[in-house]
Amino acid sequence: MTATFKSSETLILPSSWHQLSPLWQGGETCIENGLPHSQLAPTWQMFLLGDGSPTRHLRLLTGEKTEVDLIDMSAIGMHPDNAPEQMQVVPGPRVRRQVWLRTASGQRLAYACSWWEASHVDEYLQNRSLPIWASLERLRTELYRDVQGIYYGHSAALESAFGFSGPFWGRHYLFWHHGEPLTLIYEVFSPYLTKYLGRMELE
């Protein structure tokens with residue numbers, strides 16, 4: 001056990017990922033019952049807490065195709081990677097994938113980080129320049145999106161990338177396929193979306 005622990009601790013990861021420093025976070029109860037509208041407006045709650053495809057929603061909101069900029073695809077082995085604890089149900093060794101979701105005209109809309117079983121990632125992400133949902137849709141993969149956590153917090157890296165000041169709203173969820181966990185995804189959305197969804201909170 002000791003040797004395994006040391007090996008994990010000394011693993012040098014290729015890069016980090018952009019996790020929010022939360023001012024507030026919620027779990028199952030908040031996701032099931034929703035939040036006060038003074039905290040998060042109904043339109044944003046439908047977007048963040050619903051089980052629909054964000055890629056599809058972004059395309060409907062903006063009227064543009066949602067495209068992906070792949071910024072990281074790293075083998076992390078069995079390292080916990082400072083990921084949400086639900087990542088542990090995804091079999092290892094694992095691969096971490098990070099992307100920007102943007103409009104075809106170049107406006108960044110969201111950041112996403114996901115963790116996959118290394119032996120299956122090529123099967124489900126045959127074209128890594130496609131959004132995850134588009135890849136899985138092409139394979140006619142039946143999925144259940146299980147939202148596990150919601151966050152409101154800061155990230156200097158995301159402020160720079162989005163061109164907006166925080167705080168930002170984010171979430172993480174598991175994709176289940178045939179009763180088995182396929183991937184864990186952590187997403188943060190740009191305040192640019194207020195153009196389509198309105199204010200993030202109601203006064």
Side-chain angles (χ1 to χ4, degrees), residues 4-5 7-20 25 27-28 31 48-59 65-102 108-151 155 157-158 161 168-189:
T4 302
F5 177 77
S7 174
S8 175
E9 286 297 298
T10 56
L11 178 65
I12 300 174
L13 300 182
S15 62
S16 59
W17 59 283
H18 303 315
Q19 185 176 28
L20 293 177
Q25 62 188 76
E28 183 178 355
I31 292 162
L48 283 164
L49 303 182
D51 59 4
S53 162
T55 305
R56 173 70 172 155
H57 289 162
L58 291 172
R59 181 168 188 169
K65 182 180 177 182
T66 304
E67 297 189 349
V68 161
D69 291 325
L70 179 64
I71 54 177
D72 172 46
M73 198 83 171
S74 300
I76 63 166
M78 299 302 293
H79 195 281
D81 204 26
N82 203 31
E85 63 180 9
Q86 290 86 357
M87 187 264 278
Q88 297 300 323
V89 305
V90 178
R94 305 179 188 95
V95 169
R96 182 221 298 139
R97 178 182 190 257
Q98 298 184 73
V99 301
W100 302 116
L101 297 178
R102 60 171 175 80
R108 282 181 180 163
L109 305 174
Y111 161 79
C113 184
S114 56
W115 293 267
W116 300 77
E117 184 179 3
S119 61
H120 287 165
V121 68
D122 288 335
E123 175 184 350
Y124 292 109
L125 299 179
Q126 295 174 3
N127 183 344
R128 295 181 181 180
S129 66
L130 288 176
I132 288 173
W133 182 254
S135 293
L136 298 176
E137 187 178 38
R138 287 187 174 193
L139 297 173
R140 298 293 189 263
T141 305
E142 295 182 8
L143 299 167
Y144 169 59
R145 189 188 313 268
D146 184 11
V147 181
Q148 298 275 319
I150 183 170
Y151 307 90
S155 165
L158 293 180
F168 307 109
W169 282 97
R171 64 179 183 173
H172 75 266
Y173 54 88
L174 284 163
F175 260 154
W176 294 84
H177 177 50
H178 291 162
E180 299 292 332
L182 179 62
T183 180
L184 177 74
I185 302 178
Y186 184 104
E187 294 171 335
V188 181
F189 296 95

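Just so you know, these numbers come straight off a predicted model, no measurement behind them. Residue indices begin at 1 and follow the sequence shown.
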Which atom names give the shortest non-hydrogen contact between [X] and [Y], and what distance separates them?
| X | Y | result |
| --- | --- | --- |
| Ser155 | Leu20 | CB-CD2, 3.9 Å |
| Ile71 | Val99 | CG1-N, 3.9 Å |
| Pro91 | Pro181 | CD-O, 4.2 Å |
| Leu70 | Arg97 | CD1-CG, 3.8 Å |
| Gly149 | Ile31 | N-CD1, 3.4 Å |
| Gln19 | Asn82 | OE1-ND2, 2.8 Å |

How long is the gap from [atom1] on [X] to [atom2] on [Y], to the nearest 0.5 Å?
| X | Y | atom1 | atom2 | value |
| --- | --- | --- | --- | --- |
| Ile76 | Arg94 | CD1 | CZ | 6.5 Å |
| Glu67 | Arg108 | CD | CZ | 13.5 Å |
| Ile150 | Leu49 | CD1 | CG | 4.5 Å |
| Arg96 | Cys113 | CZ | SG | 6.0 Å |
| His57 | Leu48 | NE2 | CG | 11.0 Å |
| Glu85 | His172 | CD | NE2 | 7.5 Å |

Is there side-chain contact between [X] and [Y], with at least one heavy-atom pair below 4.5 Å?
| X | Y | answer |
| --- | --- | --- |
| Phe189 | Pro54 | yes |
| Val68 | Leu101 | yes |
| Trp115 | Pro84 | yes |

Mind checking what makes salt bridge (Lys or Arg N to Asp or Glu O under 4.0 Å) contact with Arg171, not counting sequence neighbours? Glu187
Check for me whether the distance between the ring centres of Tyr111 and Trp100 falls short of 6.0 Å. yes
Before you tell me yes or no, could you show the steps for Met87 and Asp81 under side-chain contact (heavy atoms from CB on, under 4.5 Å), namely the whole-Å CA-CA distance, both residues' side-chain angles and the distance that decides it to 0.1 Å? CA-CA 9 Å; Met87 187 264 278; Asp81 204 26; 4.2 Å; yes
Taking Trp17 for its side chain and Asp72 for its backbone only, find out whether a donor-acceptor pair lies under 3.5 Å. no
